[in-house]
Chemist: 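For reference, the structure I am asking about is given below.
Counting starts at 1 for both ligands and their atoms, following the listed order.
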Amino acid sequence: MGKVLIKNGRVVTAVDDYVADVLLDDGKIEAIARTLDVDDAELHDASGLLLMPGGIDAHVHMETPMGGGIETCDTFETGTVSAAFGGTTTIIDFAQQFKGEGPKQALDRRLAAAEPQCCVDYAFHVILTDVSASALAELPDLVNTEGVSSFKLYMAYPDVLMVDDADIYRTMRKVGAHGGMVNLHAENGVVIQALIEEALAAGNVSPKYHQLTRPQLMEGEAAHRVIRIAELAEVPVYIVHLSAKESLEAVVEARDRGIHAFAETCPHYLFLDDTKYDQPGFESAKFVMTPPLRDLECQGALWRGLRFDDLQLVATDHCPFCFNEKAHGILKSKQPGKDDFSKIPNGAPGVEFRLPLLFDGGVKSGRINLNRFVQLTSTAPAKMFGLFPQKGTIAVGSDADIVLFDPEKRHVLSADTHHSNVDYSLFEGREVQGKVSKVFLRGQLIVDGDAWRGRAGMGRYYKRAASGRIM
Ligand code: URP
Ligand code: ZN
C-alpha cells in the first residue's frame, strides 16, 4: 500500500485541535508534523477541512433477521457503503444467538456473512437469547480468544428475545470476570406486553400506539433495575439507545455513587420528538423504533447528559426497513404492520447521518464543542468497546482511518441521495452544515466527495480488548 500525505488539515481529536500534515503508510498513521514533504506519496490538500478519526458506530443492524422472515434491508455491503459516506469507518454490529444455538456459532454465522461484503472495519457484540449453562460456558473464550467483549441482553420482547433478571446477573458475573460487559436494551418487557394487549383489545392499531404502549417510566424502571443488578455483580453496565429522562436519571444517580454505568443515545432521540406520531395514516410507521421518540423535555435532558458525560456516546441503532414494499419486498418493509402497530418491524435508518447531524445540531448550535463531537462519535466508542488506541484517534501508530470534513458546506439530508437501501430518511429535507469530504480506511481513500472508491470485502474484522473499563 502506497504512502498518502494529507497537507494542512485541522487535526481534531477528543483533546487536540491544530493544523498539521499527516503521513499515512501501510495502513497506519506514520507521522504528524507541522510540515512534511515526502516524494513518493499520494497528496491530498486538506486546507480548510477538519481531519478527524473515522467514526465508530457501536450500534447497527445490517441484514438482520427479526423473526418470521423479516429482515433489515441493508446488506453488510450497502450498509457499510452508507456508513462510509457518513464518515464512519468502523461498525459494531450484532451476532444474535438463536434459541438452542451456541453463541460462537452465532458469531461464526455473522462473520461469514460480513467478511466478503463489509466495506469498512467491523466487530460484533453477541446477543444472548438463551442463557443456558452451555452458552455461559462459551463466553470466556469469546472474550479472550474471539475478541467479543460485549454481550447484549434484552429486557424487552418477552417470549422472543427477553431474558430474565437471573440470567442477566449470571451473564454479568461470567463475562465481567474476563473483561466483558453486558449491554442492555432496558425496557420492562412484560408490562409493555400488557399495554400492547390492552391497546389491541380496544381496537387501537395505528402506529401512534407503538409510542403509547412503551412509556418512559418503563424504560426508567428497567434501567434502574439493571444498574442495581450490575452493582450487585460488581461489573460495568451499558444501556443501549437510552431515550428517556427517567432512564438517564437512573444512570446519573448510579454514576454519582461511583457505579460504572454507561449509556449511549441516538441522533433520532436528540433531533426528533414524539409529535412525529401524530401524522395521519401509516406515515408515522417510519418512526417506529424502540424505544420510541420521546418528548422535548427528554431531548433537553439527553443533550445535558452528553455535555456532562452522563451519556458517553452517540450510536445510530441503524435498523432499516423500507417504508414501501416495492423496493425490497414486504419482509424488508414496514408494511407487515399496516393494520396492527405491534407487527410493524421496529427500527429506523441513520448510519449515514450521525456525523453531519451531530456536527450541525451539536457543534454549530453550541451544544457541544468540537473535541466532544470527536469523543462522542469515535474516541468514546473505541475506548468503551476495546478498540482504542488502534482506532478512535489521530496518533502515530493508530489505524489511518481518517475523515476529512468540510465544516462550512451545507447540504440536504435525503433518501434520494443517501447510499443505504432504505427508501426513506427520518430527516428528509433537513438542511445541515458540515459534510464528509473524503474518507480513508486504513490509508486507502474510500470516499472522495460523491464518488465511491472502496470495495466489498475490504473491511476487516477486529478482535476487541476489554469493554467498559473506562476510568
Ligand atoms: O427499534 C429498534 N431499535 N430495533 C432494533 C432492535 C433494538 O432494539 O435495538
Ligand atoms: Zn438496536
Chemist: Regarding atom 5 (C) of ligand 1: of the candidates C266, A348, P291, C319, which has the closest heavy atom?
Modeler: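 Closest candidate by heavy-atom distance is C319.
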
Chemist: Taking the six-membered ring for Trp, are H210 and F287 closer than 6.0 Å centroid to centroid?
Modeler: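 Ring-ring flag for H210/F287: false, centres at least 6.0 Å apart.
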
Chemist: Under 4.0 Å from a heavy atom of H185: which atoms of ligand 1 are those, numbered in the order shown and with their elements?
Modeler: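 It comes down to these atoms of ligand 1: 8 (O).
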
Chemist: Yes or no on salt bridge (charged side-chain N to carboxylate O under 4.0 Å, His left out) for D121 and R442, after CA distance, side-chain angles and deciding distance?
Modeler: CA-CA 9 Å; D121 289 345; R442 282 177 279 102; 2.7 Å; yes

Chemist: Enumerate the atoms of ligand 1 whose separation from the nearest heavy atom of D317 is less than 4.0 angstrom.
Modeler: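 In order of number, 2 (C), 3 (N), 5 (C), 9 (O).
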
Chemist: Within 45° of the axis and under 6.0 Å from the centre of the six-membered ring of F388, does NZ or CZ of K383 qualify?
Modeler: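 Cation-pi check for K383 and F388: passes.
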
Chemist: Pairing donors with acceptors under 3.5 angstrom, does anything connect the side chains of D57 and H318?
Modeler: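 Judged by distance alone, the side chains do not pair up.
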
Chemist: Applying side-chain contact (heavy atoms from CB on, under 4.5 Å), can you list everything that pairs with E63, at least two apart in sequence or on another chain?
Modeler: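 Partners of E63 under the side-chain contact (heavy atoms from CB on, under 4.5 Å) test: E71, T75, F76, R110, A113, Q117.
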
Chemist: Taking 2.8 Å as the limit, list every protein N, O or S atom around the Zn ion (ligand 2), by chain and residue number.
Modeler: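 H59 NE2, H61 NE2, D317 OD1, with waters left out.
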
Chemist: What residues, two or more places apart in sequence or in another chain, satisfy ring-ring contact (aromatic ring centres under 6.0 Å, His included) together with Y157?
Modeler: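 Residues passing ring-ring contact (aromatic ring centres under 6.0 Å, His included) with Y157: Y154, H185.
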
Chemist: For ligand 1, which atoms have a heavy atom of H241 less than 4.0 angstrom away?
Modeler: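 Those atoms are 7 (C), 8 (O), 9 (O).
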
Chemist: Less than 3.5 Å apart, any donor N or O on the side chain of D399 or Y462 sitting next to an acceptor on the other?
Modeler: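 Yes, a side-chain donor-acceptor pair sits under 3.5 Å.
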
Chemist: Could you list the atoms of ligand 1 found under 4.0 angstrom from a heavy atom of H59?
Modeler: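 Numbered from 1, ligand 1 contributes 9 (O).
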
Chemist: F271: which residues meet the ring-ring contact (aromatic ring centres under 6.0 Å, His included) condition with it, sequence neighbours left out?
Modeler: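 F271 satisfies ring-ring contact (aromatic ring centres under 6.0 Å, His included) with W303 only.
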
Chemist: Under a 4.0 angstrom heavy-atom cut-off, which atoms of ligand 1 come close to Y154?
Modeler: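 Contacts of ligand 1 toward Y154, numbered from 1: 6 (C), 7 (C), 8 (O).
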
Chemist: In the protein, which heavy atom is nearest to atom 1 (O) of ligand 1, and how far is it?
Modeler: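 The protein heavy atom lying closest is T290 N, 2.7 Å.
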
Chemist: Run the numbers for me: atoms of ligand 1, each under 4.0 Å from some heavy atom of K152, listed by number.
Modeler: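 That gives atoms 7 (C), 9 (O) of ligand 1.
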
Chemist: Ring centres of H61 and F94 under 6.0 Å apart?
Modeler: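 Centroid separation for H61 and F94: below 6.0 Å.
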
Chemist: Suppose we measure from atom 4 (N) of ligand 1 to each protein heavy atom; which comes out shortest, and what is that distance?
Modeler: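 In this structure, atom 4 (N) of ligand 1 has N346 O, 3.1 Å as its nearest protein heavy atom.
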
Chemist: Using the side chain to side chain donor-acceptor pair (under 3.5 Å) rule, pick out the option among E264, H260, Q312 that qualifies with Y238.
Modeler: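 Among E264, H260, Q312, the one that satisfies the side chain to side chain donor-acceptor pair (under 3.5 Å) with Y238 is E264.
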
Chemist: I'd like to check which ligand 1 atoms, numbered from 1 as shown, lie under 4.0 Å from a non-hydrogen atom of M289.
Modeler: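 Near M289, the atoms of ligand 1 are 1 (O).
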
Chemist: Is it the case that the side chains of T275 and D273 hold a donor-acceptor pair, with the cut-off being a distance below 3.5 Å and no angle test?
Modeler: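 There is such a pair between these side chains.
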
